[in-house]
2 protein chains.
Amino acid sequence: MTVPSIHDVANDCGVSTATVSRALRGLPNVSPGTRERVRESAARLGYVPSPSASGLSGGRHHAVAIVIPSTARWFYTAVIEGVDGVLRREGYDTFLVILAATAAGRERLFHNALLRKRADAVIALGIDFTAEEREELRSVDMPAVIVGGPVRGVRSVGIDDLAAGRAAMEHLLALGHRRIGHLGGENEYGMDHSVGQDRARAWRGSLERHGIAPAPQWYAVGSFLMPQAKAAATAMLRSADPPTAIFAGSDEMAFGVVLAALEAGLRIPQDLSVIGIDDHDWSESFGLTTMRQDPFEQGRIAARTVLDGLSGRATPIRTVKAEVRLVERRSTGPAPGATGPAALAPPPAVVAH
Amino acid sequence: MTVPSIHDVANDCGVSTATVSRALRGLPNVSPGTRERVRESAARLGYVPSPSASGLSGGRHHAVAIVIPSTARWFYTAVIEGVDGVLRREGYDTFLVILAATAAGRERLFHNALLRKRADAVIALGIDFTAEEREELRSVDMPAVIVGGPVRGVRSVGIDDLAAGRAAMEHLLALGHRRIGHLGGENEYGMDHSVGQDRARAWRGSLERHGIAPAPQWYAVGSFLMPQAKAAATAMLRSADPPTAIFAGSDEMAFGVVLAALEAGLRIPQDLSVIGIDDHDWSESFGLTTMRQDPFEQGRIAARTVLDGLSGRATPIRTVKAEVRLVERRSTGPAPGATGPAALAPPPAVVAH
DNA sequence: GTGAAAGCGCTAACAG
DNA sequence: CTGTTAGCGCTTTCAC
């Protein structure tokens, strides 16, 4: 009644364990007949190879580690599902390393047994590797890819944040907005990632390119979190000379802006236009105009990339640019002064205070 | 420059590998001096034991599997962080099994090598085990706990959904509401779980206990998803004899109700009261009244439970009841007719159509 | 208290 | 094509 091992299968069909191993893994040098008998036997006995044993002897653990700052962001969870989907189909399991939940924090990341002796590859979301970590990955010859933001010397997949940010800004500028605010996502958990920085840079650059000097109160930190973004937006909207449009660094932050605007009695898009980046599952419901990207697909690409590395045929070290495109919904419209007079009096607040 | 093994440590301090093993794991029969030397050696060499090797020989893989329907729900991600936090602190790694991403789907769950030969325990979220699965767990003597909804014969942790639902209903009823709608969460991915059912039962039961016959249009399926809930709520609010209050089966569904109400030009809570269950990270920002539970803590409890099982001192098979309590915010108020006349004319819509 | 030896279940050369 | 022989790195009796 114990779990069957490779010996049981070998005995069952009268071959050696080596042959069972070869047959089941699709290796050459096994006659079709034998292979079939082995397969049948294994299936009947309910045999599954032990990852520990094959990991020990073969050096392949059939597992990859996903390193994320936290689980609380839609983008990450979508990537994870994409990754897990293709990995599992290939017989790989997925380890989760949540930095937020890791007491030792990041510095000991690679002293972790998981990453050194348990995973065959690493996929990191929302973080860069340090030079040291990169060297360590190379020395143990471990395929790695980071999702979000290109990093020199490491394979990565992600959108062009600068271009996406500019496109979002162009949309707003084309609608006649001049006073445009930005909610930036800053680093989290001591992670360095360029995503938030590039989007902010796109905001500032687009403004300057149009001869607009961004007022200090038009920039605020949203930390990629909705509640923080709402608070920041509330302050921004109350400031003197508030923006007529806000480009949020992510859809989740954009939701916060929408909520802040509603509470402030502003109509969207008549009084305030809002645009985000992501196309979150909920953006349609919010009527949010956004720059759509597909994290699910990015996860699949990342998974395939490490799988390729594992199977020898490594792809060149480069950044796979994921697609982005504008999805216009109801949260953006002409600037108040641009095509007509601004609303004189805001309607009563809809979300009670 | 290769990764150090137990032999390197043994050589380094002139003892046998057996002693190193004992010393590092805190086993008895090692002199304090030796233990200290071994520790020092291991630290200096940067030695970490191989989970594959110890899993193979000792039978402990130091990993637990978390099985979830999908990652797209806040409750799950919060539980996962709680679980991962305590597990990692104890030297355990966390495997993720996302049913939505698993091609073979659920039936082959336990034919999976992961669960049989890689994980020492299982924590399942939002699903019940079938009788067969339960038997399999028992036969391999694998600690298991399910989070969300009590299940006979398996350890579990979760709130009392019936009681939580009733408390939510009592809050609404006490405010004078009689026409109360419910957005139910139905099973997903073929999973059976009582959570949604119990909350719906609480809704129906509370109504009946107060002599109110629930109209058919007061119940709709929200599938635990915000966009679906929004659509369902929109239809509900448009129906003849619409409810004056809605009890949503989760906060995410409640957000959908809020959005639907805003679009319909209803004021919250003057025209419509909304209550949810969870106290989602975003609920404060939505001003949502809700029944708070703490999924993070539930995850920690689940992790400790399987850890206890692993270390021999198993807790009795029972359901750990997690706390719930009403958090009043701005989304609930007196029923329109109860304390004064209903608003005669709704204000203009704030979210544009 | 400590070491030697025998595996855990599999894969990877070699022989045939 | 297939079997034999060594381990992979650790844990675990059983001696000493």
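To find a chain, count down the sequence lines: A is the first, B the second, and so on, and within it residues start at 1. Quick note: numbers below take in every heavy atom, side chains included, and nothing from hydrogens, waters or symmetry partners.
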For the [atom1] atom of [X] and the [atom2] atom of [Y], what is their distance to the nearest 0.5 Å?
X: B:L24; Y: B:Y47; atom1: CG; atom2: OH; result: 6.5 Å
X: B:E40; Y: B:L45; atom1: CD; atom2: CG; result: 8.5 Å
X: A:S156; Y: A:Q298; atom1: OG; atom2: CD; result: 10.0 Å
X: A:T17; Y: A:D8; atom1: OG1; atom2: CG; result: 11.5 Å
X: A:L96; Y: B:T71; atom1: CG; atom2: OG1; result: 10.0 Å
X: A:L125; Y: A:S70; atom1: CG; atom2: OG; result: 10.5 Å

Between the protein and nucleotides 12-14 of chain D, list the N/O to N/O atom pairs that are separated by less than 3.5 angstrom.
residue	atom	partner	partner atom	Å
D:dT12	OP2	B:R25	NH1	3.2
D:dT12	OP2	B:R25	NH2	3.3

Practice item. Look at B:S50 and D:dG9 and indicate whether a side-chain polar atom (N or O) is within less than 4.0 Å of OP1 or OP2. Key: no
Review point. Heavy-atom contacts under 4.0 Å between residues 4-14 of chain A and DNA chain C, which residues?
Key: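 Nucleic-acid contacts, sorted: A:S5, A:I6.
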For [X] and [Y], indicate whether the former's side chain and the latter's backbone hold a donor-acceptor pair under 3.5 Å.
X: B:K117; Y: A:V48; result: yes
X: B:S54; Y: B:S50; result: yes
X: A:R35; Y: A:L27; result: yes
X: A:S5; Y: A:H7; result: yes

Exercise for review: Work out how much the helix from C:dG1-D:dC16 to C:dG16-D:dC1 bends between its end axes, five pairs an end, to the nearest 10 degrees.
Suggested key: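 For the helix from C:dG1-D:dC16 to C:dG16-D:dC1, the axes at either end differ by 30°.
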Practice item. Identify whether NZ of Lys or CZ of Arg in B:R73 sits under 6.0 Å from the centre of the six-membered ring of B:F224 and within 45° of that ring's axis. Key: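 Geometry flag: set, cation within 6.0 Å and 45°.
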Indicate whether the side chain of [X] and that of [Y] have a donor and an acceptor atom separated by less than 3.5 Å.
X: A:S21; Y: A:R25; result: yes
X: B:T315; Y: B:T305; result: no
X: A:E323; Y: A:Q293; result: no

Practice item. Select from B:N29 and B:K117 the residue whose nearest nucleotide in DNA chain C is closer to the 5' end of that strand. Key: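 Comparing both residues, the 5'-ward one is B:N29.
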Check your understanding: With sugar-phosphate meaning primed atoms plus P, OP1 and OP2, does A:V15 contact a base, only sugar-phosphate, or nothing at under 4.0 Å between heavy atoms?
Key -> sugar-phosphate
Revision key, fill the gap. With a 4.0 Å cut-off (strictly under) to non-hydrogen atoms of chain A, the first and last hit nts on DNA chain C, 5' to 3', are C:dG9 to C:dA13
Check your understanding: Just how far, in rounded Å, is P of D:dT11 from CG of B:D120?
Key ->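 Atom-to-atom, B:D120 to D:dT11, this comes out as 13 Å.
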**Study point:** Nearest-Å distance for atom pair CZ/P, residues A:R118 and D:dC10
**Key:** 13 Å
Practice item. Could you pull out all residues at least two apart from B:E36 that satisfy salt bridge (Lys or Arg N to Asp or Glu O under 4.0 Å)? Key: B:R39
Check your understanding: Heavy atom of residues 30-42 of chain A under 4.0 Å from DNA chain D: which residues?
Key ->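 Per residue number, the list reads A:V30, A:S31, A:T34.
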